[in-house]
Each structure stands twice: as C-alpha cells, then as structure tokens.
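First the structure, in the form of structure tokens, and then the observations on it.
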Amino acid sequence: MKISALGIMSGTSLDGVDLAFCRFNYSNKWQYEITEAQTIAYSSEWTNKLKNASSLGVNDFLLLHNEYGRFIGSLVNEFLAGKNKPDLICSHGHTVFHQPDKMFTFQLGNGASIAASTGITTVSDFRNLDVALGGQGAPLVPIGDKLLFQEFDYCMNLGGFANISYDRNGQRIAFDVCPVNIVLNALASEKKLPFDNDGKIGASGKINETLLKSLDSLEYYHQPWPKSLGREWVEQRITPLLASSGLTIEDQAATYYEHICNQISDTASSSGKILFTGGGSMNSFLMNRIRSKICCEMVIPDEILINFKEALIFAFLGVLSYSGQINCLSSVTGAKSDSITGTISPVVGHSGQKLK
C-alpha cells in the first residue's frame with residue numbers, strides 16, 4: 001500500500017501555511033517520508049483577514065471561506081510547479097471557531113475550492129463529524145502519533161497550544177495542555193516583534209507569583225480529559241489576567257513561560273521518552289525551563305519534523321479517511337464512537353488510487 005499526500009496546516013499562531021509532501025507505505029506497519037516541505041508566511045493582508053474572520057457577518061464569512069480555499073489552492077499550485085502531483089491534498093484549514101460544548105467548530109478554507117483550484121482530490125473539514133458525535137473535535141493528531149511514532153511514550157506538540165498524546169491502560173488519550181505560542185506571540189507583538197526569539201523577552205523578566213498562581217488555578221487545568229482549547233478561551237481567561245496584572249511585558253512573559261512549564265510537568269509527570277515538536281521546540285529558553293522540571297528523556301528531532309509534524313499527520317489523516325479507515329479516536333475526543341473524519345472533494349479523472 002503506497003500513496004502520496006500533501007498535508008496543509010495553518011496554526012492558530014498565524015505563523016503561516018505549512019505544506020508537506022509526504023509518501024506513506026504500509027507493510028505490517030505504517031512508514032512515512034517527508035520529501036519536501038515549506039512554510040509560506042502570511043501577508044499582512046491575510047493575517048488581518050484571518051484575525052478578523054470571527055467578527056464577519058454570515059455572507060462575508062462564507063465569501064472568505066471560499067476565498068481562503070482558493071488562496072490555499074494557489075499556494076499548492078506554486079509549491080507543486082514542475083513536480084509530480086500527489087494523490088491527495090489534505091487540508092486542516094484555519095480554525096476560526098471551536099466551541100465543542102455547543103457542538104460547534106469551523107475551519108476556514110473550503111476543500112471544494114482547493115480541489116477546483118488544483119485539480120487534485122482534497123480531504124478537508126476533519127473536525128466536524130467528531131463534534132457532531134459529541135466529541136471535542138480535538139486533538140486529531142494522536143492517531144498519527146500512535147501509528148507513526150510508536151517508539152515514544154509521549155508526543156508533545158508546542159504550537160499555538162501545547163497538546164500531548166500517550167497510551168494509558170491500552171487506550172490512546174490526548175488533550176490540549178495549555179496555550180503556548182498564541183499567548184507568547186501576542187506578548188511579543190507588544191514589543192513590535194513577530195515572536196519571542198529563543199525566549200529573550202521572557203528570560204529578561206521576573207516571575208510574578210500572584211499572576212502565576214492565578215494562571216495555574218484556572219479551572220480548565222483541573223478538568224479531566226477529554227478536553228480542548230480554542231482562541232475564545234484564551235481571550236476570555238488568559239488575556240484578561242495578563243492585561244490586568246500591571247506587569248511589564250517582560251514580567252508577564254517570564255510568568256507565562258513558568259505557567260507553560262508547570263502545566264507540562266504536571267502532565268508528563270512520569271518517566272519515559274517524550275518527543276517534542278512544533279515551533280515552541282526551537283525556543284531554547286522554553287525547552288531549558290521544561291528540562292529543569294520533568295524527568296522524561298526529551299527528544300527534539302530534526303527541524304523538518306519539528307516544523308512539519310502536524311502537516312505530516314494531517315496528510316496521514318487524509319490518507320486514512322480516503323481509504324475508509326478510522327482516523328479519529330473516541331478515547332481521545334470523548335465522542336460516542338470512533339469515526340472516519342474528513343470531507344472528500346473528489347476530482348473526476350484524477351489518477352489517485354483508492355486504497356483497500
């Protein structure tokens with residue numbers, strides 16, 4: 001069983017669009033290869049469009065949904081120029097709303113628009129079915145962790161949010177640990193910077209114990225899994241605490257770094273081997289602080305896997321969906337049942353293979 005797929009991911013931190021051309025092979029177990037990958041930064045125009053998407057009226061929002069799909073399609077066409085086409089495009093989209101308690105989630109970027117723009121069968125909209133089944137619709141990466149990264153006891157991604165995945169009593173469980181870059185980038189923007197390079201802002205500040213206690217005491221952290229976080233929760237819970245603290249940006253950042261490390265150490269509290277990926281894994285200050293608090297063996301892979309693991313796994317989710325295999329685990333999301341998530345927009349005449 002062999003198939004190629006282009007995984008596409010846009011994170012909540014608005015760093016840009018990740019594209020990863022992946023090849024998958026199954027022979028007793030799944031194997032993968034990322035043959036080429038690229039991150040395309042958003043223009044200021046698109047950054048503003050995505051930031052403001054949640055405040056649009058219905059007509060303008062749907063227009064943007066299709067426009068963003070065509071935009072992704074244009075990026076794919078540029079990325080693939082002169083190359084062989086993949087069998088599938090697998091696009092996560094850009095999360096604008098995520099309120100699973102109201103059975104509501106929305107990822108911008110119409111898969112049909114991507115398929116029409118590229119001429120390649122596209123799998124998209126990976127979260128809605130799980131939410132309709134009563135699940136969190138997140139995290140979705142754990143099935144990839146389980147099948148592609150079996151040698152690790154934990155898989156931790158440090159992106160807009162930290163999320164963790166591991167086996168417990170024979171079942172895969174996973175959940176969002178805490179916000180990471182979505183908050184750190186916002187603090188860095190107050191210093192006219194896109195992000196806190198190597199944690200320099202946080203390293204120059206002092207931890208405020210009062211703010212730290214307020215952050216660590218937030219109700220979410222004491223709830224059992226399954227659970228997930230979204231932009232709305234950050235705006236309602238984290239942002240007001242930081243804004244009302246009266247602290248300098250440096251002290252807010254230092255305190256928030258400590259908060260991240262506290263939540264990660266509480267989550268990965270036993271020994272074992274833990275794989276770190278995501279942009280936060282390249283923040284040396286953050287990683288050194290985490291290392292001082294946990295007893296796990298920390299593995300930080302090469303940059304291509306750090307940066308493109310989520311795009312890789314969404315490519316894999318699309319392959320599983322296209323081949324009719326379960327790609328969303330109820331033990332992770334809390335849904336009524338496992339499911340095959342993803343809306344397939346097939347292109348007539350495309351040479352992609354239907355797997356058995």
Side-chain angles (χ1 to χ4, degrees), residues 1-9 11 18-39 86-92 123-124 126-127 130 138-159 161-168 170-177 268 272-281 296-333 338-342 352-353 355-356:
M1 184 186 296
K2 295 181 179 180
I3 191 168
S4 61
L6 180 64
I8 305 174
M9 178 71 194
D18 293 338
L19 299 97
F21 194 116
C22 308
R23 299 188 184 278
F24 298 95
N25 176 49
Y26 183 82
S27 179
N28 296 320
K29 69 175 185 177
W30 283 101
Q31 296 176 313
Y32 73 88
E33 179 187 10
I34 302 175
T35 61
E36 188 170 352
Q38 182 180 0
T39 297
D87 296 304
L88 295 174
I89 292 171
C90 311
S91 178
H92 169 269
V123 189
S124 61
F126 286 97
R127 300 190 187 275
D130 184 77
L140 298 182
V141 167
I143 186 70
D145 290 340
K146 184 176 181 67
L147 297 179
L148 299 180
F149 299 96
Q150 299 176 12
E151 67 269 34
F152 296 99
D153 299 289
Y154 300 97
C155 290
M156 175 80 73
N157 187 72
L158 302 177
F161 297 86
N163 47 65
I164 193 167
S165 161
Y166 57 96
D167 279 350
R168 180 176 179 178
Q171 282 191 319
R172 197 72 179 184
I173 66 167
F175 50 88
D176 287 339
V177 177
K273 197 173 181 181
I274 182 168
L275 175 69
F276 278 94
T277 54
S281 302
C296 293
E297 177 189 348
M298 293 172 55
V299 177
I300 304 173
D302 58 61
E303 281 197 23
I304 195 166
L305 189 57
I306 286 175
N307 289 324
F308 297 100
K309 177 171 174 272
E310 285 196 295
L312 161 72
I313 290 186
F314 274 96
F316 185 56
L317 290 174
V319 167
L320 293 176
S321 177
Y322 188 60
S323 58
Q325 299 182 53
I326 286 170
N327 64 354
C328 189
L329 302 173
S330 57
S331 63
V332 168
T333 68
D338 294 345
S339 60
I340 302 171
T341 64
Q353 58 181 309
L355 300 183
K356 300 297 183 182

Quick one, [X] and [Y] - any side-chain contact, counting heavy atoms below 4.5 Å?
X	Y	value
Ile304	Phe308	yes
Pro301	Ile306	yes
Leu275	Tyr154	no

Please report the interatomic distance [atom1]([X]) to [atom2]([Y]), rounded to the nearest 0.5 Å.
X	Y	atom1	atom2	result
Cys90	Ile313	SG	CD1	12.5 Å
Leu148	Gln31	CG	CD	10.0 Å
Ile164	Phe175	CD1	CZ	6.0 Å
Ser165	Phe152	OG	CZ	12.0 Å
Leu19	Ile8	CG	CD1	5.0 Å
Ser124	Leu317	OG	CG	12.5 Å

Could you pull out the closest heavy-atom pair between [X] and [Y], with the gap in Å?
X	Y	value
Val123	Ser321	CG1-OG, 4.0 Å
Ile34	Ala20	CG2-CB, 4.3 Å
Leu158	Met156	CD2-CG, 3.9 Å
Val319	Trp30	CG1-CH2, 4.1 Å
Val332	Pro139	CG1-O, 3.4 Å
Leu320	Ile326	CD1-O, 3.9 Å

Give a yes or no on whether the backbone of [Y] and the side-chain of [X] come within a donor-acceptor separation of less than 3.5 Å.
X	Y	answer
Asp153	Lys273	yes
Ser331	Arg172	yes
Asn25	Lys2	no
Asp87	Ala5	no

Residue Glu303 excluded, over 12 heavy atoms near CD under 6.0 Å: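 No, CD of Glu303 has 12 or fewer neighbouring heavy atoms, counting only those of other groups under 6.0 Å.
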Donor-acceptor side-chain pairing of Thr35 and Glu33 below 3.5 angstrom: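 The answer is no; no qualifying pair exists.
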Salt bridge present between Lys309 and Asp145 (N-O < 4.0 angstrom): yes
Trace of the side-chain contact (heavy atoms from CB on, under 4.5 Å) decision for Asn157 with Glu310: CA-CA 8 Å; Asn157 187 72; Glu310 285 196 295; 3.5 Å; yes
Trace of the side-chain contact (heavy atoms from CB on, under 4.5 Å) decision for Leu305 with Phe149: CA-CA 12 Å; Leu305 189 57; Phe149 299 96; 3.8 Å; yes
Residues Leu140, His92; criterion side-chain contact (heavy atoms from CB on, under 4.5 Å); working and verdict: CA-CA 10 Å; Leu140 298 182; His92 169 269; 5.6 Å; no
Sub-6.0 Å ring centroid separation between Tyr32 and Phe316: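 Judged by ring-centre distance (under 6.0 Å), Tyr32 and Phe316 do not meet the cut-off.
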Option from Asn327, Thr341, Thr333 for which side-chain hydrogen bond (donor to acceptor under 3.5 Å, both in side chains) with Asp130 holds: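 The single option meeting the side-chain hydrogen bond (donor to acceptor under 3.5 Å, both in side chains) with Asp130 is Thr333.
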side-chain contact (heavy atoms from CB on, under 4.5 Å) evaluation trace for Tyr322 with Ile3: CA-CA 11 Å; Tyr322 188 60; Ile3 191 168; 4.1 Å; yes
